[in-house]
Amino acid sequence: MKYIYETHMHTKEASACSGTEAREFIKYMSELGYSGIIITDHFFNGNSCVPKDLPWEKRVEMYCSGYEHALEEAQKTGSDLTVMFGIEYNFHGDEFLLYGVDKKWLLDNPDILEKDRYEVYKSVHDYGGIMIQAHPYRERGYLSEINLTPSVCDGVEAYNACNLDYQNSLGYQYAVQKGFRMSAGSDIHNPGQPDMGGMCFDHKIKSISEYINAFMNNEGIPVFMRDISVNREFKEVSGNKDFTVPTQGPTLEVIWH
């Protein structure tokens with residue numbers, strides 16, 4: 001039996017770009033065939049809807065509420081969906097998925113926004129967590145360059161369902177060249193997104209620590225689902241040339257750190 005886990009998603013509670021409350025995702029993601037989800041709302045240095053003028057403790061409470069509401073809904077409805085916590089953390093357009101940190105870590109680090117990539121990476125690792133670079137070759141109107149920092153990566157999101165194919169394939173080749181572990185995710189903000197992604201395991205994962213251990217042991221396989229209106233089958237990213245062989249290079253400047 002295969003178990004699929006969403007690794008990258010946003011809720012209305014903390015991400016300004018999402019219009020969906022966390023509770024609404026539980027039934028929906030289960031119906032799509034997911035065994036678990038990791039809520040990764042945009043942090044305060046990204047597209048967050050948490051007010052900046054609140055005390056740190058209040059901001060953290062609001063930020064974590066999406067995850068907490070999703071967990072409450074899963075427990076209330078008796079869903080088998082495993083609900084886990086993560087963060088999408090922005091530096092200078094380059095965003096990382098932080099796994100293994102929690103509300104306590106946020107409350108204990110009120111100066112985290114003042115730290116650079118290397119300091120954040122050390123803090124996350126000291127806490128037992130990992131950092132995955134999300135959509136490394138993404139190009140959007142709000143981005144002026146592509147920032148790559150191999151020394152603070154535990155892996156690369158080689159497939160992001162909201163990226164163009166050539167951008168995913170550039171990320172895939174980056175992971176191959178650097179020998180990085182590969183991740184995949186949907187980056188879902190609202191139900192009805194046509195394409196989806198995730199990580200496939202041959203065993204059930206019950207916590208974020210189990211996910212980290214499995215990922216770091218190279219047990220997960222990046223998968224995708226294309227056009228959910230006609231297809232509900234997950235396939236391996238590595239078997240699709242559209243996501244693995246670039247048809248063009250980046251149009252933005254690539255800056256290495």
Side-chain angles (χ1 to χ4, degrees), residues 2-15 18 20-43 46 48 60-89 95-107 123-125 127-134 154-155 157 159-161 181-189 191 196-223 234:
K2 301 297 183 182
Y3 300 88
I4 311 296
Y5 293 84
E6 174 62 86
T7 65
H8 187 168
M9 63 186 298
H10 300 278
T11 75
K12 183 178 182 179
E13 282 87 337
S15 295
S18 174
T20 303
E21 293 183 358
R23 292 185 176 91
E24 299 178 43
F25 279 116
I26 300 304
K27 182 180 179 182
Y28 181 75
M29 298 300 283
S30 294
E31 290 176 345
L32 285 181
Y34 286 90
S35 298
I37 58 175
I38 308 176
I39 304 289
T40 56
D41 278 313
H42 289 291
F43 198 54
S48 173
V60 170
E61 287 290 338
M62 292 184 67
Y63 178 79
C64 295
S65 65
Y67 158 72
E68 292 170 348
H69 292 164
L71 181 61
E72 290 169 2
E73 181 69 11
Q75 293 172 341
K76 183 179 73 174
T77 59
S79 173
D80 289 333
L81 199 73
T82 300
V83 179
M84 297 170 280
F85 178 78
I87 297 172
E88 184 166 14
Y89 195 97
E95 295 180 299
F96 287 78
L97 300 170
L98 278 53
Y99 303 136
V101 294
D102 54 18
K103 181 188 283 188
K104 182 180 185 304
W105 180 80
L106 290 173
L107 291 172
S123 180
V124 170
H125 267 243
Y127 204 71
I130 60 174
M131 283 174 51
I132 310 296
Q133 184 161 8
D154 294 299
E157 188 180 54
Y159 174 81
N160 178 292
R181 298 170 184 84
M182 297 188 198
S183 179
S186 302
D187 202 353
I188 185 172
H189 294 66
M196 300 292 287
M199 292 294 287
C200 177
F201 298 87
D202 62 6
H203 59 280
K204 190 169 179 59
I205 289 172
K206 300 178 182 178
S207 67
I208 196 65
S209 60
E210 288 186 12
Y211 179 84
I212 290 171
N213 289 336
F215 179 79
M216 296 300 286
N217 286 332
N218 298 302
E219 296 174 12
I221 298 173
V223 294
F234 285 100

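More than 12 heavy atoms of other residues, nucleotides or ligands lie within 6.0 Å of NZ in K204, so this atom counts as buried by the packing criterion.
The aromatic ring centroids of F234 and Y34 lie less than 6.0 Å from each other. The six-membered or imidazole ring of Y67 lies near that of F85, with a centre-to-centre distance under 6.0 Å. Between Y89 and F43, the ring center distance clears the sub-6.0 Å criterion.
Contact check on R23 versus E72 returns a salt bridge, with a Lys/Arg side-chain nitrogen under 4.0 Å from an Asp/Glu carboxylate oxygen. Taking 4.0 Å as the cut-off between side-chain N and carboxylate O, E68 and K103 count as a salt-bridged pair.
For Y99, the ring-ring contact (aromatic ring centres under 6.0 Å, His included) partners are Y211, not counting sequence neighbours. Listed by chain and number, the residues in a side chain to side chain contact (heavy atoms under 4.5 Å, CB included) with S30 are S79, L81 (sequence neighbours excluded).
Contact of the M62 side chain with the E13 side chain is not registered, since no non-hydrogen atoms from C-beta on lie closer than 4.5 Å. By the 4.5 Å heavy-atom criterion applied to side chains, I130 and F215 are counted as neighbours. Looking only at side-chain heavy atoms (C-beta outward), H8 and N160 come within less than 4.5 Å of each other. The shortest side-chain heavy-atom distance between I39 and T11 falls under the 4.5 Å cut-off. Residues M131 and V124 have side chains in contact (heavy-atom distance under 4.5 Å, counting atoms from C-beta outward).
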Problem - side-chain contact (heavy atoms from CB on, under 4.5 Å) between M9 and I37, intermediate numbers included - result: CA-CA 8 Å; M9 63 186 298; I37 58 175; 3.5 Å; yes
Problem - Steps toward side chain to side chain donor-acceptor pair (under 3.5 Å) verdict (S209, S207) - result: CA-CA 5 Å; S209 60; S207 67; 3.0 Å; yes
Exercise for the section: Check the pair Y159 / S183 against side-chain contact (heavy atoms from CB on, under 4.5 Å), numbers first and verdict last. Expected result: CA-CA 7 Å; Y159 174 81; S183 179; over 6 Å; no
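Using modelled atom types, one finds no donor on one side chain facing an acceptor on the other under 3.5 Å when comparing E21 with H69. H10 and S15 form a side-chain donor-acceptor contact under 3.5 Å, judged by distance and modelled atom types alone. For the residue pair T40/E88, the side-chain donor-acceptor check at 3.5 Å is not satisfied.
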